[in-house]
J.: 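One structure follows; several queries about it will come next.
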Amino acid sequence: QVQLVESGGGLVQAGGSLRLSCAASGRPFSTTPMGWFRQAPGKEREFVGAINWSGSATNYADSVKGRFTISRDNAKNTMFLQMNSLKPEDTAVYYCAASRTSYTDTDARFYHSWGQGTQVTVSS
């Protein structure tokens, strides 16, 4: 089982940028598709994006497409979420997780080994 730890969250003004990291340990990270999710207060956890095992393919929610970029460094067992042009509606706790199946899956039920989350707050 892979263990995941997110970092890099914080407070940023609208239009700003943040880069989140997801550090992995445990089972081989380099063969596992990975995803990012977020959960705002009073809302369900929602898919942000995912990346295949090699980093050659990604999948994004429409709400972040063109603003967020997922990448990974398998040599360092780390995945990243670069967030640009942030909006107040991006405010949430951001989680990384490992996919049981494919980076194309957007349902949280297909993911496991959730990290503890990192808070992102975007002020207007």
Side-chain angles (χ1 to χ4, degrees):
Q1 192 86 342
V2 64
Q3 290 82 44
L4 303 172
V5 178
E6 303 94 338
S7 62
L11 174 63
V12 63
Q13 288 189 330
S17 298
L18 279 175
R19 189 192 197 204
L20 305 185
S21 298
C22 173
S25 61
R27 69 175 274 182
F29 170 81
S30 61
T31 60
T32 304
M34 299 290 297
W36 286 98
F37 287 75
R38 66 187 182 186
Q39 188 166 19
K43 295 188 177 181
E44 293 188 355
R45 191 167 297 189
E46 67 170 349
F47 176 78
V48 173
I51 189 167
N52 73 340
W53 67 272
S54 68
S56 63
T58 51
N59 179 30
Y60 297 98
D62 288 343
S63 60
V64 307
K65 203 170 292 183
R67 300 188 298 122
F68 290 10
T69 302
I70 298 174
S71 61
R72 65 191 296 164
D73 184 342
N74 285 343
K76 296 182 178 180
N77 283 358
T78 304
M79 177 178 64
F80 304 98
L81 178 64
Q82 178 67 45
M83 305 186 293
N84 299 328
S85 302
L86 283 161
K87 305 175 181 180
E89 51 263 44
D90 294 318
T91 295
V93 177
Y94 284 70
Y95 300 89
C96 62
S99 174
R100 302 182 193 278
T101 52
S102 168
Y103 73 101
T104 58
D105 286 321
T106 62
D107 190 326
R109 292 173 296 178
F110 292 109
Y111 288 78
H112 65 91
S113 301
W114 297 84
Q116 84 289 349
T118 186
Q119 176 71 47
V120 171
T121 303
V122 184
S123 63
S124 58

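We count residues from 1, following the sequence as given.
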J.: Would a single hydrophobic cluster contain both L20 and F29, if residues Ile, Leu, Val, Met, Phe, Trp and Tyr are joined by side-chain heavy-atom contacts under 4.5 Å?
T.: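 Result: yes, single cluster for both.
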J.: Could you go step by step and tell me if K76 and S21 meet the side-chain contact (heavy atoms from CB on, under 4.5 Å) rule?
T.: CA-CA 11 Å; K76 296 182 178 180; S21 298; over 6 Å; no
J.: Which atoms form the tightest heavy-atom contact between T69 and Y60, and what is the distance?
T.: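 Result for this residue pair: CA-OH, 3.3 Å.
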J.: Indicate yes or no: at least one non-hydrogen side-chain atom of Y103 is less than 4.5 angstrom from one of I51.
T.: no
J.: Name all residues meeting the salt bridge (Lys or Arg N to Asp or Glu O under 4.0 Å) criterion together with K65; count only those two or more places apart in sequence or in a different chain, and write none if there are none.
T.: D62
J.: Is R67 close to K87 at the side-chain level, that is, under 4.5 Å between some pair of heavy atoms?
T.: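 A side-chain contact exists here, since the closest heavy-atom pair is under 4.5 Å.
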J.: Regarding T78 and D73, do their side chains bring together a donor and an acceptor under 3.5 Å, going by distance alone?
T.: no
J.: Hey, quick one: are Y94 and Y111 part of the same hydrophobic cluster, counting side-chain heavy atoms closer than 4.5 Å, chains of contacts allowed?
T.: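 Hydrophobic grouping puts Y94 apart from Y111.
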J.: Please name the pair of heavy atoms, one in T118 and one in G8, separated by the smallest distance, quoted to 0.1 Å.
T.: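 Minimum heavy-atom contact is OG1-N, 4.1 Å.
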J.: Are there over 12 heavy-atom neighbours, none belonging to W114, within less than 6.0 Å of that residue's CH2?
T.: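 Yes, CH2 of W114 has more than 12 neighbouring heavy atoms, counting only those of other groups under 6.0 Å.
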J.: Would you call the rings of F37 and F47 parallel, tilted or perpendicular if under 30° counts as parallel and over 60° as perpendicular?
T.: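 Geometry flag for F47 against F37: perpendicular rings.
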J.: Please find the pair of heavy atoms, one from N74 and one from S54, that lie closest to each other, and give the distance.
T.: ND2-CA, 4.3 Å
J.: Is there a side-chain contact between V64 and R38, using heavy atoms and a 4.5 Å cut-off?
T.: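 V64 vs R38: side chains touch.
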J.: Would you say W53 ends up clustered with V2 if hydrophobic residues are merged whenever their side chains have heavy atoms under 4.5 Å apart, either directly or through other cluster members?
T.: no
J.: Consider only side-chain heavy atoms of I, L, V, M, F, W and Y, link residues closer than 4.5 Å, and tell whether V12 and F68 are in one cluster.
T.: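 Both belong to a single hydrophobic cluster.
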J.: So is R45 actually on top of Y95's ring, under 6.0 Å and inside 45° of the axis?
T.: yes
J.: Is the closest side-chain heavy-atom distance between C96 and M79 below 4.5 Å?
T.: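 They are in contact (side-chain heavy atoms under 4.5 Å apart), so the answer is yes.
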J.: Could you give me the CA-CA distance, side-chain angles and deciding distance for M34 and L4, then say whether side-chain contact (heavy atoms from CB on, under 4.5 Å) is met?
T.: CA-CA 11 Å; M34 299 290 297; L4 303 172; 3.7 Å; yes
J.: Does the side chain of V120 come within less than 4.5 Å of D90's, by heavy atoms?
T.: no
J.: So, for T91 and Q119, which heavy atoms are closest and what is the spacing to 0.1 Å?
T.: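 That would be CG2-NE2, 4.0 Å.
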